[in-house]
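Provided herewith is a single structure, encoded as structure tokens, for subsequent inquiry.
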Amino acid sequence: MSELALLGGPKTVQIPEPKWPMWNDEDRQAVNGVLESGNWWMYAVGDAELGGAEDKPARSQVAQFEEEFAALHKVKHAFAVTSGSTALDICMRAIDLKPGDEVITTPYTFIASATCILNAGALPVFVDIDPDTFNIDPNRIEEAITDRTRAILPVYFAGEIADIEAILDIAQRHNLKVIEDSAQAPGVALEGDRYAGSFGEAGIFSFQASKTLNSGEGGIITTNSDEMAEIVWSLRHVGRTKESLWYEHHRIGWNARMTEFCAALLRTQLKKLPAQNSQRMATVERFFERIAGVQGFVPAKLHPKETHRGHYLVLFHYDAAAWDGLPREKFLEAINAEGVGAIAGYTFPTFANPLFQKTDFCSPASVYMVGRDAPVDYRTFTEKCPVAIRACETEAVWMMHTPFLGTDAYIDQLADAVVKVRENYRDLL
């Protein structure tokens with residue numbers, strides 16, 4: 001093949017990348033409909049969701065979106081909120097964590113999967129990731145359980161469901177709650193029509209701008225528990241109950257209500273999600289087939305029981321040894337020059353954030369030390385999580401979901417670019 005673009009040769013990918021977000025007249029009409037109605041707040045159209053009388057003829061967009069999202073994910077309840085991070089905060093409060101408690105989670109994720117635990121007065125305990133999947137390794141969970149452990153917070157990283165069956169088994173044996181961080185996994189399911197967000201005590205999703213279901217910002221909490229649903233409803237609604245007066249508050253909660261504008265847009269975007277997920281499944285498979293002969297650039301293992309995938313990220317293991325020591329960063333520079341949008345992702349795990357390297361929040365006077373003999377020293381997780389560190393520093397390669405909404409011709413050009421770099425990589429050494 002021709003000279004690498006990085007060295008002055010022609011760029012391989014000539015077809016423009018699909019634009020994200022994707023929207024049409026249906027989305028415009030949905031948002032304009034809310035604007036023209038003057039009902040911009042979820043309780044402006046009726047008070048049935050408040051426990052009062054029947055709704056007026058024009059129902060809340062938020063309430064309708066909640067019903068439609070719950071139906072798609074086969075759950076009993078769904079509560080729309082302002083962000084996925086807020087959804088995590090609410091769930092941690094809803095399971096009644098106490099100061100000094102511990103919640104097990106992954107170090108290979110966005111910071112909110114850990115700060116939601118801190119915000120509840122508890123401490124995150126990080127368990128290393130599976131070397132094949134980049135998701136939390138259930139084989140490492142039990143060794144991290146202490147008498148302070150109250151819950152497990154698995155993250156479905158890249159939109160891939162973690163080994164949830166193994167996690168649920170551990171949780172049941174140790175009487176722990178499971179909250180699913182499904183922020184990146186809307187519409188993702190295992191065989192048997194079992195969807196992300198339906199396995200544990202609750203699940204959360206994010207609708208931030210990069211997500212496969214997107215309204216700029218927003219989130220939702222799903223649960224099959226009536227008790228959890230009642231608490232979540234209250235916490236989202238400033239601690240009110242459905243039986244209380246408007247100015248009567250029973251819990252310390254949030255004003256975390258989603259706007260009618262967001263919900264209207266999400267309702268129309270939700271209709272597009274299954275088809276978009278199916279398209280990504282097909283194009284990712286095509287891409288994998290076309291790069292199958294490329295050594296040292298191997299797709300992360302996908303959940304074998306998944307029937308519906310979202311591919312929020314498409315993840316790869318880069319093995320520099322197979323490229324004669326070519327650093328990952330130089331490989332990325334080369335395929336970027338060819339027109340392939342790929343990045344290294346996180347360059348350090350969550351526990352290496354400055355927040356966790358400071359130990360003042362674990363001082364003897366800290367709320368996090370209630371009932372504890374010693375603080376959690378987050379510097380020790382460098383030794384406990386070598387797989388996550390390797391992924392961050394040398395191994396992981398991410399591709400976002402947007403390219404995989406492209407045509408077959410576009411996907412083929414992406415694959416050709418990777419093959420071209422492989423055939424000419426020695427020119428970079």
Side-chain angles (χ1 to χ4, degrees), residues 21 27 30 34 41-43 49 59-95 109-110 112-113 116 153-156 159 161 178-189 194-238 253-274 276-277 308 310 312:
D27 301 294
V34 173
W41 182 48
M42 65 180 293
Y43 294 132
E49 289 88 2
R59 292 195 62 217
S60 164
Q61 294 291 322
V62 174
Q64 292 180 79
F65 170 62
E66 290 171 340
E67 292 171 2
E68 291 158 3
F69 193 90
L72 175 63
H73 291 80
K74 304 294 189 292
V75 292
K76 191 172 182 181
H77 306 281
F79 301 96
V81 294
T82 50
S83 70
S85 299
T86 299
L88 284 168
D89 282 338
I90 290 173
C91 284
M92 291 298 102
R93 183 77 62 79
I95 61 174
T109 181
F110 180 55
S113 305
C116 67
L153 177 61
V155 177
Y156 298 163
I161 294 177
V178 174
I179 303 295
E180 303 164 69
D181 186 339
S182 311
Q184 301 173 357
V188 177
R194 298 174 297 157
Y195 279 78
S198 70
F199 295 95
E201 187 76 9
I204 72 96
F205 298 81
S206 170
F207 309 130
Q208 182 269 342
S210 70
K211 300 300 189 292
T212 55
L213 181 59
N214 160 29
S215 59
E217 289 286 4
I220 203 164
I221 300 164
T222 56
T223 183
N224 286 310
S225 164
D226 292 341
E227 180 183 3
M228 185 74 169
E230 181 180 351
I231 298 170
V232 167
W233 186 97
S234 176
L235 291 172
R236 173 189 70 172
H237 198 39
V238 207
W254 293 262
N255 175 0
R257 300 178 297 259
M258 178 177 282
T259 71
E260 290 287 280
F261 289 103
C262 277
L265 180 58
L266 286 164
R267 291 186 68 202
T268 54
Q269 288 287 309
L270 186 64
K271 295 178 185 178
K272 303 174 180 64
L273 179 68
Q276 290 175 343
N277 281 351
H308 299 74
Y312 170 68

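FYI, side chains are in, hydrogens and waters are out, and symmetry mates aren't considered; it's all heavy atoms of this structure. The structure presented is a predicted model; accordingly, all values stated were derived computationally and were not measured. Along the sequence shown, the residues carry numbers beginning at 1.
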Closest non-hydrogen atom pair between Val62 and Met258, with its separation
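Here Val62 and Met258 meet closest at CG2-O, 3.4 Å.
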Mark yes or no for whether Lys271, through its side chain, and Arg267, through its backbone, hold a donor-acceptor pair below 3.5 Å.
no
Determine the minimum heavy-atom distance between Ala185 and Ala196, stating which atoms define it.
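In terms of heavy atoms, the two residues are closest at O-CB, 3.7 Å.
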Can you say whether the rings of Trp233 and His237 are parallel (under 30°), tilted (30 to 60°) or perpendicular (over 60°)?
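If you compare the ring of Trp233 with that of His237, the planes turn out perpendicular.
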Can you give me the closest heavy-atom contact between Val232 and Ile221, atom names plus distance?
CG1-CD1, 3.6 Å
Less than 4.5 Å apart, any side-chain heavy atom of Glu68 and any of Leu266?
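SC-SC contact between Glu68 and Leu266 ruled out.
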Considering all heavy atoms of both residues, which atom of Thr222 and which atom of Ala78 are nearest to each other, and what is their separation?
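The pair with the smallest heavy-atom distance is CG2-CB, 4.2 Å.
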Distance, nearest 0.5 Å, that separates CD of Glu217 from NZ of Lys211:
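Result: 8.5 Å between the selected atoms.
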Taking the six-membered ring for Trp and the single ring otherwise, decide whether the centroids of Tyr156 and Phe199 are under 6.0 Å apart.
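Between Phe199 and Tyr156, which both carry aromatic rings, the centre distance is not below 6.0 Å.
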Tell me, do Ile90 and Phe79 make a side-chain contact under 4.5 Å, heavy atoms counted?
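Ile90 does not reach Phe79 side chain to side chain.
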If only atom types and distance count, is the side chain of Asp226 paired as donor or acceptor with the main-chain N or O of His77 below 3.5 Å?
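Here the side-chain-to-backbone pair does not exist.
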Checking the side chain of Glu180 only, and the main-chain atoms of Gly200 only, is there a donor and an acceptor separated by less than 3.5 Å?
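Present.
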Can you tell me how far apart CE (Met228) and CG (Leu235) are? Round to the nearest 0.5 Å.
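It is 8.5 Å, given to the nearest 0.5 Å.
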With rounding to the nearest 0.5 angstrom, report the OG1 to CD1 distance, Thr86 to Ile220.
13.5 Å
Closest heavy-atom contact between Thr212 and Gly310?
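Where Thr212 meets Gly310 most closely, the heavy atoms are CG2-O, 4.1 Å.
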Measure the shortest side-chain to side-chain distance between Arg93 and Asp89 over non-hydrogen atoms and say whether it is less than 4.5 angstrom.
no
When the ring planes of Phe207 and Phe69 are compared, do they come out parallel, tilted or perpendicular, using 30° and 60° as the limits?
perpendicular
With rounding to the nearest 0.5 Å, note down the distance linking CG in Leu88 to CD1 in Ile204.
4.0 Å
Just by distance, with hydrogens left out, do Thr223 and Glu201 show a side-chain donor and acceptor under 3.5 Å apart?
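No, because no side-chain N or O of Thr223 sits under 3.5 Å from a partner of the opposite role on Glu201.
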From Ser83 OG over to Phe205 CZ, what is the distance, rounded to the nearest 0.5 angstrom?
15.0 Å
Flag the pair Cys116 / Leu153 as yes when at least one side-chain heavy-atom distance between them is below 4.5 Å, and no otherwise.
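Yes - at least one pair of side-chain heavy atoms lies under 4.5 Å apart.
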Pro154 and side-chain contact (heavy atoms from CB on, under 4.5 Å): which partner among Val178, Ile161, Asp181?
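With Pro154 as partner, Val178, Ile161, Asp181 yield a single side-chain contact (heavy atoms from CB on, under 4.5 Å), made by Val178.
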Heavy-atom distance under 4.5 Å between the side chains of Met92 and Ile179, does that happen here?
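They are in side-chain contact.
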Could you pull out the closest heavy-atom pair between Ser198 and Val75, with the gap in Å?
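Heavy atoms of Ser198 and Val75 come nearest at CB-CG1, 3.5 Å.
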Any heavy-atom pair between the side chains of Tyr195 and Ser182 that's under 4.5 Å?
no
Residues Gln184, Ser206; criterion side-chain hydrogen bond (donor to acceptor under 3.5 Å, both in side chains); working and verdict:
CA-CA 7 Å; Gln184 301 173 357; Ser206 170; over 6 Å; no
Nearest-0.5 Å distance, OG of residue Ser215 to CG of residue Leu265:
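These two atoms lie 6.0 Å from each other.
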Is Arg236 salt-bridged to Glu66, going by a charged N under 4.0 Å from an acidic O?
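Glu66 and Arg236: salt-bridged.
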